[in-house]
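Below, each value reflects all heavy atoms present in this structure, side chains not excepted, and no hydrogens, waters or symmetry copies. Because the structure is predicted, anything quoted here is derived from the model rather than measured. Order of the sequence lines sets the chain letters (A, B, ...), proteins ahead of strands, with each chain counted from 1.
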There are 4 protein chains.
Amino acid sequence: MSPRRRDEAGTAAARAHRRAQLLRTAAEVFAARGYSTTTVRQVADASGMLAGSLYYHFDSKESMVDEILSTFLTELWEDYDTILDQGKGARETLESLVTASFGAIDRHRPAVVIYQNESKHLAENDRFTYLVDSQKRFRQMWVGLLERGIEEGDFRADLDPPVIYRFIRDTVWVAAGWYRPDGRLTSEQVARQYLAMVLEGVQRR
Amino acid sequence: MSPRRRDEAGTAAARAHRRAQLLRTAAEVFAARGYSTTTVRQVADASGMLAGSLYYHFDSKESMVDEILSTFLTELWEDYDTILDQGKGARETLESLVTASFGAIDRHRPAVVIYQNESKHLAENDRFTYLVDSQKRFRQMWVGLLERGIEEGDFRADLDPPVIYRFIRDTVWVAAGWYRPDGRLTSEQVARQYLAMVLEGVQRR
Amino acid sequence: MSPRRRDEAGTAAARAHRRAQLLRTAAEVFAARGYSTTTVRQVADASGMLAGSLYYHFDSKESMVDEILSTFLTELWEDYDTILDQGKGARETLESLVTASFGAIDRHRPAVVIYQNESKHLAENDRFTYLVDSQKRFRQMWVGLLERGIEEGDFRADLDPPVIYRFIRDTVWVAAGWYRPDGRLTSEQVARQYLAMVLEGVQRR
Amino acid sequence: MSPRRRDEAGTAAARAHRRAQLLRTAAEVFAARGYSTTTVRQVADASGMLAGSLYYHFDSKESMVDEILSTFLTELWEDYDTILDQGKGARETLESLVTASFGAIDRHRPAVVIYQNESKHLAENDRFTYLVDSQKRFRQMWVGLLERGIEEGDFRADLDPPVIYRFIRDTVWVAAGWYRPDGRLTSEQVARQYLAMVLEGVQRR
DNA sequence: TATGAATGAGATTTCATTCAT
DNA sequence: CATGAATGAAATCTCATTCAT
């Protein structure tokens with residue numbers, strides 16, 4: 001149960017553990033100062049080592065974001081796929097997806113911030129084609145869900161799914177910019193406020 | 001009516017005109033590639049001149065963003081203040097503010113993108129304290145409006161104004177990231193979709 | 001006794017040693033070509049490294065002159081204070097101060113040249129207020145000494161201390177411009193010629 | 001008697017007049033801020049015109065110093081040659097040369113300051129070989145004079161002429177750095193203090 | 001594993017100079 | 001004569017990265 005069990009010392013597992021630890025720090029710094037604005041030295045400072053030393057663990061600054069983002073997206077899609085596989089109705093699926101998203105913000109806030117701010121620029125790089133792929137899957141998932149909901153009578157018919165998809169996508173992720181895990185509201189409460197607004201509107205009936 | 005009238009040549013007006021032209025270009029490049037990632041050389045290329053030549057017109061790269069953002073915010077608050085001074089009800093005021101915001105996105109898209117992506121970092125610089133001031137006014141305006149709407153019975157009482165304010169704020173501005181003036185929908189149509197969602201919800205009644 | 005003892009390797013002492021070495025080189029180049037005319041690249045070339053590498057050791061070109069000048073002035077005033085504390089007569093004190101000054105030229109020639117040529121301009125910078133302070137102390141020391149010597153009957157009464165102070169000050173330091181440690185005369189011999197001229201005059205009695 | 005007489009307008013004389021006027025301004029700025037540190041724009045500002053406009057009058061920044069220094073040196077050597085041609089004794093010649101030098105400082109202070117600070121660096125440039133020539137003539141003049149004075153019994157025999165020459169040379173010119181035409185002392189008074197010190201020494205007999 | 005020192009490419013900025021008007 | 005705009009070379013400085021120890 002200790003963070004570093006005896007049998008890990010000097011092993012591949014110990015190494016992976018150290019990487020993960022460094023990546024958590026790096027993600028926080030990248031999120032706080034922006035990926036391209038952050039210097040490797042700043043990451044190293046926050047990790048209590050010198051800039052050059054990071055290169056023992058990582059090939060490059062780029063490989064750090066790469067690992068941060070791909071890890072995050074892998075986990076996220078695992079959550080999403082679990083939900084999608086449950087075959088619920090459109091409204092209920094939407095609720096689950098939104099709640100899962102706010103959960104992801106809760107657990108991977110720095111990664112989400114980086115994803116939100118930098119993925120557009122990174123996506124131009126061959127190494128990050130998976131960001132484009134993920135965007136496409138997002139779009140298919142949400143537009144498909146909205147269309148299904150309209151067909152099935154769950155959602156209003158006068159909505160433009162591509163536009164609404166973008167609003168939902170952005171609003172969810174952008175919350176990573178201000179959400180604080182130790183703040184006034186839990187991620188579930190934020191999700192509920194968000195759903196209240198998106199599903200029923202702010203207007204009193 | 002020609003873009004450069006005779007009486008402007010060599011005058012302060014001509015100079016201001018050239019500056020504005022260069023700033024439009026700069027804003028587009030900054031918006032597309034990110035302020036800190038954009039090199040002065042890239043701005044110069046896009047302006048058809050050499051990097052050094054830009055310094056005839058501007059003190060620094062920083063003073064370019066400064067002028068872009070302050071011009072934008074000045075105009076935006078003129079619009080907002082006009083609306084706020086009309087003394088309409090909460091719901092109607094919200095509609096007008098949202099519509100004005102999408103209008104601003106329509107007319108100043110690059111500036112909005114820069115504002116959205118860079119203001120957090122720039123605000124740490126003394127030169128950009130007006131960004132912090134503007135944020136505060138935003139917050140007061142929106143939270144105040146939501147609270148008034150709840151009191152007056154326009155908006156639902158179970159909403160948390162500070163949270164909803166953030167959703168509204170972010171979602172509006174983040175639209176600058178995907179909205180295209182020459183796209184399928186006009187800014188008014190986007191505003192209407194947005195209002196439909198925010199006011200009445202996506203759920204069919 | 002070797003220039004780099006084993007116990008220094010990788011230590012703060014080793015680092016200070018390297019800095020001192022680089023500063024000696026920098027001082028020579030600054031002295032030879034003028035501070036503002038010298039490029040960082042020229043200093044780097046003379047140090048056998050690339051321009052950028054110097055920034056591992058120093059914050060800026062300015063911090064290099066800063067360290068050169070402040071180190072020199074600190075040492076110089078230690079020497080002066082030792083002499084002033086001995087409570088000798090005016091004439092003897094003058095002799096000691098002049099000899100100490102030529103000794104300083106001998107040991108810190110490049111620093112003296114820089115001090116002579118650049119301090120006027122550098123002093124406008126907040127970082128170099130100590131140059132102004134030092135000038136003031138110089139003036140007080142020399143004018144005070146001359147006045148005391150006149151009172152005590154060591155020096156001629158028809159002298160104008162503020163003017164003579166300037167002549168002495170300038171003549172001493174300006175010698176750094178032509179004095180060569182490996183030249184025909186030692187610094188003591190130069191000091192003696194100087195004192196012969198200043199104390200007794202060039203005229204035969 | 002007006003600064004610009006009618007018959008000069010548009011003529012070569014008028015042009016020369018304007019050049020001289022601009023050069024006076026340039027010399028002051030160069031003297032105050034250092035030649036290489038001064039920008040052409042600063043000279044232009046002080047002259048009430050734009051940087052580019054100066055190039056109507058002068059080929060380059062370099063040609064400005066060139067004209068300032070060569071004009072000064074030409075005049076100076078005319079004065080010196082007049083004195084040397086009078087065939088006076090060594091002591092009297094020394095007095096006249098020193099007085100003439102302080103007169104030159106009085107009338108051409110900025111040029112002297114520039115000469116003092118920049119000639120070493122400029123002399124490396126082919127265009128300024130006359131600076132080297134002038135230095136040589138200086139040396140010959142002063143060392144010759146001192147040697148003659150020793151031979152003829154005017155000056156002390158224990159002096160080292162090359163060293164004393166340098167002290168005299170430097171001290172005279174360096175006074176340009178602090179002498180103010182409108183200060184407490186006239187240039188003649190300063191010259192007299194200087195001669196009192198150099199000829200008879202500061203020590204009371 | 002980590003350090004300290006250096007590399008080298010590239011960024012922002014400055015500035016003497018040119019030239020059409 | 002002077003302006004306004006631009007050029008282009010070079011300067012200071014930053015920073016990801018490498019590598020011997």
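Between B:Arg41 atom CZ and E:dT14 atom P the separation is 19 Å, expressed in whole Å. Taking atom CD on A:Gln21 and atom C1' on E:dT1, their separation rounds to 14 Å, with Å as the unit. Atoms CZ (D:Phe58) and P (E:dT18) sit 15 Å apart, rounded to a whole Å. What separates OH of C:Tyr35 from P of F:dA11 is a distance of 14 Å, to the nearest Å. Rounded to whole Å, atom P of F:dA5 lies 6 Å from atom NE2 of B:His57. At whole-Å resolution of the value, CZ in A:Arg33 and C1' in F:dC15 are 14 Å apart. If you take CE of C:Met64 and P of F:dA11, they are 14 Å apart, rounded to a whole angstrom. Atom CD of D:Gln42 is separated from atom P of E:dC15 by 7 Å (rounded to the nearest Å).
Within residues 44-55 of chain C, the residues having any heavy atom closer than 4.0 Å to DNA chain E are, in order of number, C:Met49, C:Leu50, C:Gly52, C:Ser53.
A salt bridge (Lys or Arg N to Asp or Glu O under 4.0 Å) check over residues 108-125 of chain A, counting only residues at least two apart or in different chains, returns nothing. Every pair tested for ring-ring contact (aromatic ring centres under 6.0 Å, His included) that includes a residue from residues 36-61 of chain A fails, sequence neighbours excluded, so the list is empty.
Using a 4.5 Å heavy-atom threshold, the side chains of C:Glu28 and C:Thr25 count as separate. Residues B:Thr39 and B:Val43 fail the side-chain proximity criterion, which asks for heavy atoms closer than 4.5 Å. At least one side-chain heavy atom of B:Arg127 sits less than 4.5 Å from a side-chain heavy atom of B:Ser63. For the pair B:Lys61/B:Phe30, a side-chain contact is recorded, criterion being any heavy-atom separation below 4.5 Å from C-beta on.
OP1 or OP2 of E:dA6 sits under 4.0 Å from a side-chain N or O of C:Arg18. Side-chain nitrogen and oxygen atoms of B:Tyr56 include at least one within less than 4.0 Å of the OP1 or OP2 phosphate oxygen of F:dA5. Contact annotation: B:Arg15 reaches the phosphate of F:dA5 (side-chain N/O to OP1 or OP2, under 4.0 Å).
Scanning for side-chain hydrogen bond (donor to acceptor under 3.5 Å, both in side chains) contacts around B:Tyr35 gives an empty result, with sequence neighbours left out. In this structure A:Glu67 satisfies the side-chain hydrogen bond (donor to acceptor under 3.5 Å, both in side chains) test together with A:Arg19, sequence neighbours excluded.
Here the nucleotide nearest the side chain of A:Ser60, chosen from E:dA16, E:dT12, F:dT17, is F:dT17.
Interatomic distance, CD1 of A:Ile68 versus CG of A:Leu73, reported as 12.0 Å (0.5 Å rounding).
Position along DNA chain E of the nearest nucleotide to D:Thr38 versus C:Leu22 favours C:Leu22 as the more 5'-ward residue.
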Please convert DNA chain F into dot-bracket. A pair counts if it is Watson-Crick or G-U wobble with both distances under 3.5 Å; crossing pairs go in [ ] and bases paired with another strand get |. .||||||||||||||||||||
